[in-house]
There are 2 protein chains.
Amino acid sequence: MNSLISHIQKFIPLNNEEAEIVLSYFKIEKFKKKQLLLQENQICNKQYFIVNGCVRFYINTTKGTEQTTQFGIENWWITDYLSFQYLTPSSFNIQAIENIEILSIERNSFEALLERLPKLEKYFRLVLQKSFGAAQVRIKYLFTMSAEERFHHMNDYFPEFIQRVPQYMIASYLDFSAEFMSKIRSGKV
Amino acid sequence: MNSLISHIQKFIPLNNEEAEIVLSYFKIEKFKKKQLLLQENQICNKQYFIVNGCVRFYINTTKGTEQTTQFGIENWWITDYLSFQYLTPSSFNIQAIENIEILSIERNSFEALLERLPKLEKYFRLVLQKSFGAAQVRIKYLFTMSAEERFHHMNDYFPEFIQRVPQYMIASYLDFSAEFMSKIRSGKV
DNA sequence: CGAAAAACTTGAAGTACTTCAAGAAAAGTA
DNA sequence: TACTTTTCTTGAAGTACTTCAAGTTTTTCG
């Protein structure tokens with residue numbers, strides 16, 4: 001069974017015919033580890049649903065380092081929402097951390113699909129409510145926990161990431177240095 | 001003209017009859033400066049549209065301080081989205097910074113309204129896309145700018161807040177101390 | 001398999017902030 | 001108007017991290 005269809009059906013009912021229509025608007029794409037799905041300064045005119053694998057959202061800082069701000073795994077949507085909505089150049093990069101398989105839909109097709117099947121508006125609204133809620137909680141953690149607490153929290157609640165993703169990306173996502181991460185893990189702090 | 005209706009019409013067409021229906025689901029509420037619209041541990045079963053005035057979203061930290069994580073002004077929606085969607089207890093507080101006038105809608109009425117006027121799904125989806133996009137950019141600023149840069153950025157792009165809101169709340173929102181804010185402003189840093 | 005690249009570790013030195021304490025200024029209220 | 005509360009300022013001391021540089025381990029891939 002297609003994972004996007006299953007995901008949609010967790011939120012709204014969808015019959016076989018509708019499922020066919022949905023899929024006809026998407027393209028399946030594969031990227032190899034390290035490839036970029038989106039590069040800064042480009043317009044992010046696609047939205048991605050991750051079927052298989054793991055990606056990250058990151059910024060190139062003025063210091064020449066890379067700052068990871070989000071991760072995405074199976075069954076997550078990922079895009080730069082402002083760039084997607086207003087078709088303005090993005091300042092983010094989206095990169096495959098593993099070889100990945102994703103479903104992509106262009107901005108125009110996305111609008112056409114929603115016109116064709118308006119019931120999907122509800123699905124996307126619910127997905128966004130959840131995503132924005134998660135962003136609210138994320139800000140809370142960043143603001144109220146020390147580096148060490150943030151690491152342990154992630155370790156406890158999202159152990160799958162710690163396994164899958166290089167430590168320095170996790171450190172960056174939690175807003176501290178790779179070296180400090182290493183010290184936390186070895187108990188030298 | 002009602003400000004909620006105008007706001008909706010910026011995103012989707014809405015005739016008079018539909019506007020009447022929309023408004024019938026909302027309640028107008030007034031709160032005085034410092035009153036709480038939501039208190040932590042409560043379930044946030046309402047969503048608010050700010051007609052007049054200014055509110056903040058904050059957490060009580062374990063250190064006994066208050067950490068502001070969001071602001072809201074005229075024409076913004078505000079709620080704890082996870083608490084609202086899953087009816088779980090919130091860890092946030094929402095407080096009026098000025099005397100305010102808001103439109104509130106309960107979770108049940110919200111669902112009923114969307115059943116009655118499904119075209120509103122699109123409006124809320126678009127509002128959420130924009131909000132989540134703004135959250136992505138906010139994280140970027142927090143991660144890539146120094147305290148001083150964050151202050152100047154806010155000063156340049158959102159001067160209305162600097163005027164309206166006590167400095168210590170701005171400092172907290174930008175994730176530094178009120179004392180440091182004072183030093184930035186006076187150039188002693 | 002072996003070589004190269006990527007990821008992780010360690011300690012020493014530095015810094016961008018925080019915390020504390022106290023006083024001054026501004027705003028709210030009777 | 002004066003009194004109270006809230007907000008802002010200042011300097012001194014402290015700290016949770018960062019940065020740098022170098023070495024070690026692990027992973028990738030021809």
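All values below come from the heavy atoms of this structure, side chains included, with hydrogens, waters and symmetry mates left out. Chain letters run A, B, ... following the sequence lines, proteins first and then strands; every chain starts at 1.
Side-chain polar atoms of B:Ser104 and B:Glu29 form a donor-acceptor pair below 3.5 angstrom.
Between the NZ atom of B:Lys63 and the C1' atom of D:dT15 there is a distance of 11 Å, rounded to whole Å. The interatomic distance linking A:Met145 (CE) with D:dA16 (P) rounds to 17 Å, in whole Å. With rounding to whole Å, A:Gln163 atom CD is found 16 Å from C:dA7 atom P. One atom, CG of B:Asp175, and another, C1' of C:dC17, lie 11 Å apart when rounded to the nearest Å. Here D:dC17 presents its C1' atom at 14 Å from CD of A:Glu149, a figure rounded to the nearest Å. Straight-line distance from the CZ atom of B:Phe143 to the P atom of D:dT18: 11 Å, rounded to whole Å. The CD atom of A:Glu66 sits 13 Å away from the C1' atom of C:dA6 (whole-angstrom rounding). One atom, CG of A:Leu142, and another, P of D:dC17, lie 12 Å apart when rounded to the nearest Å.
With respect to the salt-bridge test (charged N to carboxylate O, under 4.0 angstrom), the residues B:Glu179 and B:Lys183 do not qualify. By the 4.0 Å N-to-carboxylate-O rule, B:Glu74 lies close enough to B:Arg164 to be salt-bridged with it.
Of the side-chain N and O atoms in B:Gln167, none sit less than 4.0 angstrom from OP1 or OP2 of D:dT6.
Within residues 176-187 of chain A, the residues that place at least one heavy atom under 4.0 Å from DNA chain C are, in residue-number order, A:Glu179, A:Ser182, A:Lys183, A:Ser186.
Results of the ring pair (Phe, Tyr, Trp, His ring centres under 6.0 Å) test with A:Phe132 over B:Tyr81, B:Phe84, B:Phe124 single out B:Tyr81 as the only residue that passes.
With hydrogens and angles ignored, the 3.5 Å screen pairs a side-chain donor or acceptor of B:Thr79 with a backbone N or O of B:Lys46.
Taking the six-membered ring for Trp and thresholds of 30 and 60 degrees, B:His7 and B:Tyr123 have ring planes more than 60 degrees apart, a perpendicular arrangement.
The side-chain heavy atoms of A:Arg56 and A:Phe71, taken from C-beta on, include a pair separated by under 4.5 Å.
Both cation-pi conditions hold for A:Arg138 and A:Tyr173: the charged atom is under 6.0 angstrom from the six-membered ring centre and inside a 45 degree cone around its axis.
Under the 4.5 Å side-chain heavy-atom criterion for Ile, Leu, Val, Met, Phe, Trp and Tyr, A:Leu117 and B:Leu126 are members of the same hydrophobic cluster.
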Reading 5' to 3' through nucleotides 24-30 of chain C, protein heavy-atom contacts under 4.0 Å coded B for base, S for sugar-phosphate only, - for none: ----S--
